[in-house]
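Comments concern the structure below.
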Amino acid sequence: MQLGFVGTGVMGAAIAKNLMAAGHQMTVYNRTKSKTDALVAAGATWAATPALVAAKSDVVFTMVGFPKDVEQVYFGDDGIFSGLKAGKIVVDMTTSQPKLAVKIADYAKQHGFQALDAPVSGGDIGAKNATLTVMVGGDEATYQAVLPLFKIMGHQVNHFGAAGTGQHAKMANQIMIAGTMTGLTEMLLYTKAAGLEPQTVLETLSSGGADNWSMDNYVPRILKDDYTPGFFARHFLKDLRIALTEADAMGLDLVATAQAKRLYEVMVDVKGLGDQGTQGLINIY
């Protein structure tokens with residue numbers, strides 16, 4: 001297929017690479033052009049605007065940073081919707097606001113396009129290894145049409161219902177991750193204070209009831225003082241803010257998630273560590 005990818009950061013580039021490896025043609029755009037260099041070297045075509053990506057593509061994937069970026073790449077003057085042809089499909093993989101996913105889907109339907117929201121979980125490792133979990137909202141027929149592409153990038157793909165439900169599923173995921181990130185951070189602090197050997201503790205906990213993905217993947221990085229982002233802390237803070245806004249709208253008081261948000265606000269807004277990975281939370285203690 002003729003595919004497009006807008007947003008070739010840490011995860012987007014890896015997903016696009018896997019789609020290309022499966023034999024699909026790829027047109028790419030990123031605000032920082034150099035982040036597309038490896039994909040272009042591998043055979044992708046550079047386009048100067050999201051609109052030009054859309055004009056060449058049957059399916060356009062987007063994975064950008066914040067809801068305002070999603071708005072811009074879809075609805076801006078050189079946005080995807082200004083170049084997309086009737087009958088083509090857009091798939092926003094950004095973790096974003098459910099209401100924005102609904103807005104994109106409604107606009108698409110009114111103009112003869114099709115749209116899905118499909119945020120993912122699994123970080124940079126999942127993107128590289130094509131083991132992502134994909135959470136999809138949108139029309140069933142459109143989902144079935146794109147499912148073969150989702151299966152190239154992930155090992156677990158689920159359709160949750162109408163537009164926006166994929167984003168709600170991702171909020172549930174981020175609420176869970178918030179607990180595991182604070183847990184692994186404080187576990188390591190306790191381990192150090194008690195004089196235990198961290199690697200032995202990790203091996204022990206990983207074989208018991210405390211095992212979780214965040215601990216298995218991020219504690220080894222922390223033990224190597226590696227805070228490079230598999231997932232940017234500033235993006236995770238954005239996600240927690242969205243999750244808590246949605247929770248408030250549903251009358252929920254998520255006390256632990258609110259505390260995790262406060263800790264990441266210290267990391268990102270106070271300490272200026274937003275470009276570290278989420279594992280950098282330990283650096284504020």
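With contacts defined as side-chain heavy-atom distances shorter than 4.5 Å, the pair Gln259/Thr182 does not qualify.
Side chain of Thr49 to backbone of Leu52: a donor-acceptor contact under 3.5 angstrom is found. Within the 3.5 Å criterion, the main-chain N or O of Ala210 finds a donor-acceptor partner in the side chain of Asn212. Panel note: side chain Tyr29, backbone Gly4; no donor-acceptor pair is recorded below 3.5 Å. Of the possible polar contacts, none joining the Gln156 side chain to the Met135 backbone as a donor-acceptor pair under 3.5 Å is found. The closest donor-acceptor contact from the side chain of Asn30 to the backbone of Thr8 lies under 3.5 Å. No side-chain donor-acceptor contact under 3.5 Å links Asp78 to the backbone of Ala51. Checked by atom type and distance alone, the side chain of Ser82 pairs as donor or acceptor with a backbone atom of Gly79 at under 3.5 Å.
Classified by interplanar angle (parallel below 30°, tilted 30° to 60°, perpendicular above 60°), the ring pair Phe61/Phe5 is parallel. Taking the six-membered ring where the residue is Trp, His111 and Phe113 present parallel rings, their angle staying beneath 30° rather than reaching 60°. Under the 30°/60° scheme for interplanar angles, the aromatic rings of Phe81 and Tyr74 are found to be tilted. Ring planes of His159 and Tyr143: parallel class, angle under 30° (limits at 30 and 60°).
Hydrophobic clustering of Ile, Leu, Val, Met, Phe, Trp and Tyr side chains at less than 4.5 Å, counting indirect connections, keeps Met171 apart from Leu116. Ile222 and Ile125 are not part of a single hydrophobic cluster, where members link through side-chain heavy atoms under 4.5 Å apart. In the hydrophobic clustering of ILVMFWY residues, with side-chain heavy atoms under 4.5 Å counting as a link, Leu263 and Val255 come out apart.
Between Asp269 and the choices Lys261, Arg241, Arg262, the salt bridge (Lys or Arg N to Asp or Glu O under 4.0 Å) rule is met once, by Arg241.
A donor atom on one side chain and an acceptor atom on the other are found under 3.5 Å apart for Asn283 and Gln276.
When every heavy atom of Pro119 is checked against every heavy atom of Gly166, the shortest pair comes out as CG-O, 3.4 Å.
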